[in-house]
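Notes for the one structure printed next.
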There are 2 protein chains.
Amino acid sequence: MNLSIAEENYIKSIYKLEEEGQEAVSTNALASELDTKPASVTDMAKKLKEKKLIEYEKYQGINLTADGKKAALSIIRRHRLWECFLVDKLAFSWEEVHELAEELEHVRSEKMTNRLSEFLGNPQIDPHGDPIPDAQGKMGKPRAHTPLHKTKAKRLEVVAVSDKSTALLEFLNAKGIRLGTQLDVIERYEFDNSIELKIRNQPAFTISEQVSKNIMVKPI
Amino acid sequence: MNLSIAEENYIKSIYKLEEEGQEAVSTNALASELDTKPASVTDMAKKLKEKKLIEYEKYQGINLTADGKKAALSIIRRHRLWECFLVDKLAFSWEEVHELAEELEHVRSEKMTNRLSEFLGNPQIDPHGDPIPDAQGKMGKPRAHTPLHKTKAKRLEVVAVSDKSTALLEFLNAKGIRLGTQLDVIERYEFDNSIELKIRNQPAFTISEQVSKNIMVKPI
DNA sequence: CCTTTTATTTAGATTTACCTAAACTTTATT
DNA sequence: AATAAAGTTTAGGTAAATCTAAATAAAAGG
Ligand SMILES: [Mn+2]
Ligand SMILES: [Mn+2]
Ligand SMILES: [Mn+2]
Ligand SMILES: [Mn+2]
């Protein structure tokens, strides 16, 4: 099954949207995820169905087949390993690596991927806290996928971020929030669902619901 | 100047053929270097001329402009740095890295390239003995470009190989020839220009002119 | 210098991945 | 249930990078 770069990007996005809970991935959702037009998605859906990577019936949305899932996990493995490489070895910061990994992920070589993993010490999570599928395509469940805005606990540790945009990650940098950061919830404001937080030895600050939705936490 | 992958591969091949001495690079030579058809080369030549990366007049062959040369050196820098990475950090052997670097070279990020170089200790030559252009696009002259079949000296050191095919490199592996290997020329046979060689503590062996043309040496 | 051979270009197709605009389905709202 | 709105697909096009076959130009050989 030899996939083009475009096909790989589609497969990865379908995987992402399925994982986010979409029962069947809609044409519009995919188009907006891939920053393309719905008509283009329909075209590609026909091609991926032909290749048996997705199930697709007109107007019924898209789902990955077992083969499609396998392909997705392999792409995601490469993506996340390269992100680790860029952060751990080339000293990039977490907001810089996603775009680069978006390209590096398309160099397909199992040997290189496995050697890279080994070189990095077989990391289990990438710089945004997402789990890295192993060579067999098995991915550890996200260590916690409770977003900050949905937890009741008062003392929390940041385990992942779900949005990898430079905008969000730079905001978090500015506030001193990174993976492993421990947070105290001072107050939740019902009006706009904003949350007041405190990090030890620092002044408290408030974040919007938009932000808190994208911070994955576990209680400590 | 944003180049497609195809354009980058053309630029790199033109650079290579010019370096090998072609005054003006011919359509056929480029086609065979790129494993494509002459008609496709003509099409691309028009496009690259439009972008001012080459000088080209119908039937007159192709030459890189200053801009074209700059682009070529930047691609070659990335290619060779990735080859170093694969050999030095991921323990690949020299015959495995060219194809992978052929893809990795197209991920364009000056920051990543420079960080990679630094991470590798700013290497000056790649695993095949070719010099690596620096961040400013300056490339050290090949340390020696005397091919074995043209030298008179009896005691030699291997400094580079000019053909990067798996076939040649595996042959050299089998004979114990790598960068830095010291060779004694035992005999030159005029009939077929084959050469009998000896490496210290090993039995002598003979190589064809085909092979000796691709081994770059310096006297010691 | 004329002719044959070789090299190169043009013309016309094809494939992939897009796009816009129009048509059609599904779903939501009165 | 009828209609409006939203979502999706089709039809028809474009641009990039290929290709084959035919035409044309350059080079080589007598
Ligand atoms: Mn990422
Ligand atoms: Mn990608
Ligand atoms: Mn190479
Ligand atoms: Mn390449």
Side-chain angles (χ1 to χ4, degrees), chain A residues 1-14 17-18 20-64 68 71-72 75 102-103 105-106 108, chain B residues 1-14 17-18 20-64 68 71-72 75 102-103 105-106 108:
Chain A
M1 201 65 57
N2 230 27
L3 303 184
S4 69
I5 291 177
E7 289 168 335
E8 285 198 338
N9 286 333
Y10 271 86
I11 291 291
K12 195 156 58 92
S13 290
I14 296 165
L17 294 175
E18 275 189 357
E20 283 174 7
Q22 307 231 170
E23 202 42 63
V25 175
S26 75
T27 304
N28 266 356
L30 240 191
S32 111
E33 174 69 26
L34 283 160
D35 200 18
T36 182
K37 294 293 182 294
S40 308
V41 171
T42 301
D43 284 351
M44 183 61 93
K46 289 175 186 162
K47 195 147 45 106
L48 294 176
K49 182 188 182 178
E50 201 54 47
K51 295 196 175 190
K52 299 193 192 307
L53 294 165
I54 62 171
E55 276 150 30
Y56 166 65
E57 296 301 332
K58 265 192 194 186
Y59 296 105
Q60 300 314 127
I62 293 171
N63 285 104
L64 292 176
I75 305 161
E102 204 55 50
E103 305 192 39
E105 69 188 356
H106 301 293
R108 261 152 283 155
Chain B
M1 199 65 57
N2 231 27
L3 303 184
S4 69
I5 291 177
E7 288 168 335
E8 286 198 337
N9 286 332
Y10 271 87
I11 291 291
K12 195 155 59 90
S13 291
I14 296 165
L17 295 175
E18 276 189 356
E20 282 173 6
Q22 308 231 169
E23 203 42 63
V25 175
S26 76
T27 306
N28 267 357
L30 239 191
S32 111
E33 174 70 26
L34 283 160
D35 199 20
T36 183
K37 295 290 182 294
S40 308
V41 172
T42 301
D43 284 352
M44 184 61 92
K46 288 174 187 163
K47 197 149 43 109
L48 294 176
K49 182 187 182 179
E50 202 53 47
K51 293 195 175 192
K52 298 194 194 308
L53 295 166
I54 62 171
E55 276 149 32
Y56 167 66
E57 295 301 332
K58 264 194 197 187
Y59 297 104
Q60 300 314 127
I62 293 171
N63 285 104
L64 291 176
I75 305 161
E102 204 56 49
E103 304 191 40
E105 69 188 357
H106 301 293
R108 260 151 286 158

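Each chain gets a letter, A, B and so on, in the order the sequences are listed, and its residues count up from 1. All values below were derived from every heavy atom in this structure, side-chain atoms included, with hydrogens, water molecules and symmetry-related copies excluded.
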Show each protein N/O and nucleotides 18-24 of chain D N/O combination with a separation under 3.5 Å, one pair to a line.
from   : atom 1 : to      : atom 2 : distance (Å)
D:dT18 : O4     : B:Asp43 : OD2    : 3.3
D:dC19 : OP2    : B:Thr36 : OG1    : 2.7
D:dC19 : OP2    : B:Lys37 : N      : 3.1
D:dC19 : OP2    : B:Ser40 : OG     : 2.5

What distance separates A:Ile11 CD1 from A:Leu53 CG, expressed to the nearest 0.5 Å? 4.5 Å
To the nearest 0.5 Å, how far apart are CD in A:Glu8 and CD1 in A:Ile75? 4.0 Å
For B:Glu55, all residues meeting side-chain contact (heavy atoms from CB on, under 4.5 Å), sequence neighbours excluded: B:Thr65
For A:Lys51, enumerate each residue passing the side-chain hydrogen bond (donor to acceptor under 3.5 Å, both in side chains) test, keeping only those at least two apart in sequence or located in another chain. A:Glu7
What residues form a side-chain hydrogen bond (donor to acceptor under 3.5 Å, both in side chains) with B:Asn63, not counting sequence neighbours? B:Glu18
Please state how far atom NZ in A:Lys46 lies from atom P in C:dT15, giving the value in whole angstrom units. 16 Å
Over all strands shown, is A:Thr27 touching base, sugar-phosphate only, or nothing at heavy-atom distances under 4.0 angstrom? sugar-phosphate
From CG of A:Leu3 over to P of C:dT16, roughly how many Å is that when rounded to an integer? 13 Å
Do the side-chain N or O atoms of A:Asn28 get closer than 4.0 angstrom to the phosphate oxygens (OP1, OP2) of D:dA6? no
I need the B:Thr27 OG1 to B:Tyr56 OH distance, nearest 0.5 Å. 5.5 Å
Residues pairing under salt bridge (Lys or Arg N to Asp or Glu O under 4.0 Å) where one sits in residues 22-46 of chain A, two or more places apart or in two chains, turn out to be A:Lys16-A:Glu33
Strictly distance-based, threshold 3.5 Å: is any side-chain N or O of B:Arg108 a donor or acceptor partner for the main-chain N or O of B:Asn2? no
Nucleic acid contacts - residues 49-58 of chain A versus DNA chain D, non-hydrogen atoms under 4.0 Å: A:Tyr56, A:Lys58
The answer to which of B:Gln60 and A:Ser4 contacts DNA chain C further toward the 5' end, by nearest nucleotide, is B:Gln60
